[in-house]
Amino acid sequence: MGGSVPTTYDEPVHIAVIGGTGIQTLPDFSLAATLTVDTPWGAPSSPISILHHPSPTSGKPIPIAFLSRHGPLHQLAPHEIPNRANIAALRSIGVRTVIAFSAVGSLQEVIRPRDFVVPDQIIDRTKGIRPFTFFEGGMVGHVGFGDPFDEGLAKVVRQCGHALEGDGVTLHDKGLLICMEGPQFSTRAESNLYRSWGGSVINMSALPEAKLAREAEIAYQMICMATDYDCWRNGGEDVNVEMVMGHMKANSQNARRFVAAVLNELSKEEHAEQVLARHLEQHSKFGGSITHKEGRNPETEKKLQWLFPGYFD
Ligand SMILES: CSC[C@H]1O[C@H](OP(=O)(O)O)[C@H](O)[C@@H]1O
Ligand SMILES: Nc1ncnc2[nH]cnc12
């Protein structure tokens, strides 16, 4: 191999981190492989890096998949992200837990730039232009999405975030996340409307990522970091990219420490069932098979067989 990074990885990888704006890599981990995965929904945003994280109990390396949502050079706008390919590629290598990271605008005074939020609800303000389901084109399916994030993962994330508090980390345990279409930021009227709905934070990327993760039976939790007060705050400067990037860069060390603490905790044997998302297993087998066998589109069936081997025989 002459020192080059392997392009295959033989073991299943159960945990993934999806990095957002300002988190294009996780440099503190050792790179074990770089995988180029093709899926029936096309190529993901970036090659998947397999990183080695030492198990806190045995010291044995635990593989973690890392995917950069906007591409390695941030070349994909929120509406151009191949979310189906990203989630399908992660599931195909064994991933059942995703920790997603996002830079968000704050819709509340108490959530200050650089604060972290573990959202527990979402309002969908995307415009239907992003492909948002695996179940279409002759294979109808419906999965529950009442709680868009995984409460078991959220508990672990909150515990890790609180353990870092006072050390440059402020954490808000819950929050209503507004996911807007973008790529332009909101109008002031929209920003105030979201505040009147009780919105805590706003981004452009939680959806359809979280919906597709649920369809793929992957436990999913987003960690948000506030970078601005959007445009609702009288007397404050309106959000701009420089502001977002400035806060992300200034606090990236804390963001990475937070993610590392979560990976550390999830690597413990006691979380094995949670990491494998046993509570979601086979949900899509039953929710995703309501089209009678003879009514299915064979092409769609083939794609879904790729994603869920053995489910729809
Ligand atoms: C650069 S500001 C808008 C951009 O930032 C957030 O990205 P991500 O969620 O991937 O961290 C937001 O969702 C927008 O895509
Ligand atoms: N104000 C904002 N609106 C939408 N997405 C964002 N990401 C960071 N800040 C944002």
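No experiment lies behind these values; they were computed from the predicted model shown. Start at 1 and go down the list; that is how both ligands and their atoms are numbered. We number each residue from 1, following the sequence as shown.
To the nearest 0.5 angstrom, W197 atom CH2 is 9.5 Å from L176 atom CG. Here S191 contributes atom OG and I202 contributes atom CD1; the two are 6.5 Å apart, rounded to the nearest 0.5 Å. For the atom pair CD of Q108 and CZ of R233, the computed distance is 12.0 Å after rounding to the nearest 0.5 Å. In this structure, CG on L31 lies 9.0 Å from CD1 on I50, to the nearest 0.5 angstrom. Atom CG in L276 sits 13.0 Å away from atom NE2 in H271 (nearest 0.5 Å).
Taking every non-hydrogen atom of D228 and a distance limit under 4.0 Å, the qualifying atoms of ligand 2 come out as 1 (N), 2 (C), 8 (C), 9 (N), 10 (C). Proximity to N203 (heavy-atom distance under 4.0 Å) selects the following atoms of ligand 2: 4 (C), 5 (N). The distance from ligand 2 to the heavy atoms of D230 drops below 4.0 Å at these ligand atoms: 1 (N), 2 (C), 3 (N). Remark: ligand 1 atoms within the under-4.0 Å shell around heavy atoms of S205 are 8 (P), 9 (O), 10 (O), 13 (O). Each of the atoms 10 (O), 11 (O) of ligand 1 lies under 4.0 Å from some heavy atom of G20. Counting atoms of ligand 2 from 1 in the listed order, those under 4.0 Å from a heavy atom of M180 are 4 (C). Listed by number with element, the atoms of ligand 2 under 4.0 angstrom from any heavy atom of M204 are 4 (C), 5 (N). Interface atoms of ligand 1 facing F185, defined by a heavy-atom separation under 4.0 Å, are 2 (S). Remark: ligand 2 atoms within the under-4.0 Å shell around heavy atoms of T227 are 8 (C), 9 (N). In summary, the atoms of ligand 1 found under 4.0 Å from a heavy atom of R69, numbered by their order in the structure, are 8 (P), 9 (O), 10 (O), 11 (O).
Closest protein heavy atom to atom 6 (C) of ligand 1: A103 O, 3.2 Å. Regarding atom 6 (C) of ligand 2, its nearest protein heavy-atom neighbour is I202 O, 3.6 Å. The shortest contact between atom 10 (O) of ligand 1 and any protein heavy atom is with H70 NE2, 2.5 Å. With respect to atom 7 (O) of ligand 1, the closest heavy atom belonging to the protein is T21 OG1, 2.7 Å. For atom 7 (N) of ligand 2, the nearest protein heavy atom (residue, atom name, distance) is A103 O, 3.0 Å. Given atom 10 (C) of ligand 2, the protein heavy atom at minimum distance is G105 N, 3.4 Å. Given atom 15 (O) of ligand 1, the protein heavy atom at minimum distance is P78 CG, 3.4 Å.
Ring-centre distance between Y194 and W232: not below the 6.0 Å cut-off. In summary, the aromatic rings of Y9 and H52 are positioned with their centroids under 6.0 Å apart.
For the pair F135 and H142, the minimum side-chain heavy-atom distance is 4.5 Å or more.
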Tabulate below the donor-acceptor pairs under 3.5 Å that side-chain atoms of residues 75-99 make, not counting sequence neighbours, or state none.
| residue | atom | partner | partner atom | Å |
| --- | --- | --- | --- | --- |
| Q75 | OE1 | L73 | N | 3.0 |
| E80 | OE1 | A77 | N | 3.0 |
| N83 | ND2 | I81 | O | 3.3 |
| R84 | NH1 | T133 | O | 3.1 |
| R84 | NH1 | E136 | OE2 | 2.7 |
| N86 | OD1 | S45 | N | 2.8 |
| N86 | OD1 | S45 | OG | 3.4 |
| N86 | ND2 | S45 | OG | 3.0 |
| R91 | NE | L307 | O | 3.1 |
| R91 | NH1 | A216 | O | 2.8 |
| R91 | NH1 | E217 | OE1 | 3.2 |
| S92 | OG | A89 | O | 2.8 |
| R96 | NH1 | R91 | O | 3.4 |
| T97 | OG1 | V275 | O | 2.8 |

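No hydrogens or angles considered: a donor-acceptor pair under 3.5 Å links the side chains of H172 and D115.
Checked by distance only, ligand 1 and M204 come closer than 3.5 Å through their nitrogen or oxygen atoms. Residue V241 places no N or O, backbone or side chain, under 3.5 Å from any N or O of ligand 1.
Each salt bridge (charged side-chain N to carboxylate O under 4.0 Å, His left out) pair with one or both residues in residues 143-152, not counting sequence neighbours, appears once here: E151-R158.
The proximity of V239 to ligand 2, defined as any non-hydrogen pair under 4.0 Å, is limited to the side chain. The parts of S102 lying near ligand 1 are both backbone and side chain, judged by heavy-atom distances below 4.0 Å.
Within the 3.5 Å criterion, the main-chain N or O of M139 finds no donor-acceptor partner in the side chain of R296.
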Decide side-chain contact (heavy atoms from CB on, under 4.5 Å) for D230 and S186; before the verdict, give the C-alpha distance in whole Å, the side-chain angles of both, and the deciding distance to 0.1 Å.
CA-CA 8 Å; D230 202 37; S186 306; 3.8 Å; yes
